[in-house]
Amino acid sequence: MDLQDFLLRARVLRLYRQALRISGRAPSSARAELRQTIRQEMENNRNCNDKQRIRFLISEGLERLNRLDEMLDMQGHR
């Protein structure tokens with residue numbers, strides 16, 4: 001694993017941890033399903049070796065996570 005791979009892996013793991021933290025703010029009735037969705041998205045792309053695609057997926061994940069965070073804020077889940 002070279003430095004670029006290591007840095008990308010760190011970014012993916014940071015995104016995953018951030019997603020799980022934000023999912024903890026979701027209503028308890030939706031929390032388990034949301035966490036399962038997050039895990040499934042990560043698993044679906046687990047074997048991706050294309051660095052450009054990984055960067056795209058990280059970017060897309062961050063956008064989706066920001067939208068979820070904003071939605072939870074608007075609903076009063078802090």
Side-chain angles (χ1 to χ4, degrees):
M1 178 183 298
D2 66 4
L3 180 60
Q4 290 294 326
D5 291 340
F6 180 78
L7 293 174
L8 273 178
R9 184 175 190 273
R11 288 179 63 198
V12 169
L13 291 174
R14 184 174 36 227
L15 174 63
Y16 183 63
R17 285 191 301 268
Q18 187 178 2
L20 290 179
R21 276 195 295 274
I22 289 175
S23 72
R25 293 179 29 224
S28 57
S29 60
R31 198 172 297 145
E33 183 179 350
L34 181 55
R35 287 185 175 164
Q36 181 59 36
T37 301
I38 292 166
R39 181 179 173 94
Q40 189 61 50
E41 287 289 326
M42 294 301 239
E43 286 292 328
N44 288 346
N45 295 293
R46 180 181 202 133
N47 296 319
C48 180
N49 294 320
D50 181 355
K51 291 179 186 179
Q52 185 173 357
R53 174 134 177 88
I54 294 170
R55 286 187 197 96
F56 170 77
L57 291 168
I58 291 170
S59 174
E60 183 179 279
L62 286 170
E63 287 177 22
R64 291 171 69 181
L65 199 53
N66 285 334
R67 286 194 307 267
L68 174 62
D69 193 33
E70 289 172 6
M71 183 185 73
L72 291 170
D73 280 346
M74 286 190 293
Q75 293 177 352
H77 301 287
R78 300 194 187 265

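A quick note: this is a predicted structure, and the numbers were derived from the prediction, not measured. Residue indices begin at 1 and follow the sequence shown.
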For residues 16-24, tabulate all N or O donor-acceptor pairs below 3.5 Å that involve a side-chain atom, not counting sequence neighbours.
| residue | atom | partner | partner atom | Å |
| --- | --- | --- | --- | --- |
| S23 | OG | L20 | O | 2.7 |
| S23 | OG | R35 | NE | 3.0 |

Enumerate donor-acceptor pairs with a distance under 3.5 Å from any side-chain N or O in residues 53-69 to protein atoms, sequence neighbours excluded.
| residue | atom | partner | partner atom | Å |
| --- | --- | --- | --- | --- |
| N66 | ND2 | L62 | O | 3.3 |
| D69 | OD1 | R25 | NH1 | 2.2 |
| D69 | OD1 | R25 | NH2 | 3.3 |

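Residues L8 and V12 fail the side-chain proximity criterion, which asks for heavy atoms closer than 4.5 Å.
L13 belongs to no multi-residue hydrophobic cluster, having no ILVMFWY side-chain contact under 4.5 Å with any other such residue.
Among residues at least two apart or in separate chains, salt bridge (Lys or Arg N to Asp or Glu O under 4.0 Å) pairs with a member in residues 5-16 are D5-K51.
To the nearest 0.5 Å, the span separating CD on E41 from CD on Q36 amounts to 11.0 Å.
The side chain to side chain donor-acceptor pair (under 3.5 Å) search around Q40 returns N44, not counting sequence neighbours.
Around CG of D50, the count of heavy atoms belonging to other residues, nucleotides or ligands within 6.0 Å exceeds 12. Counting non-hydrogen atoms of other residues, nucleotides and ligands closer than 6.0 Å to CD of E43 gives a total above 12.
When all heavy atoms of A26 and L34 are compared, the closest pair comes out as CB-CD2, 3.9 Å.
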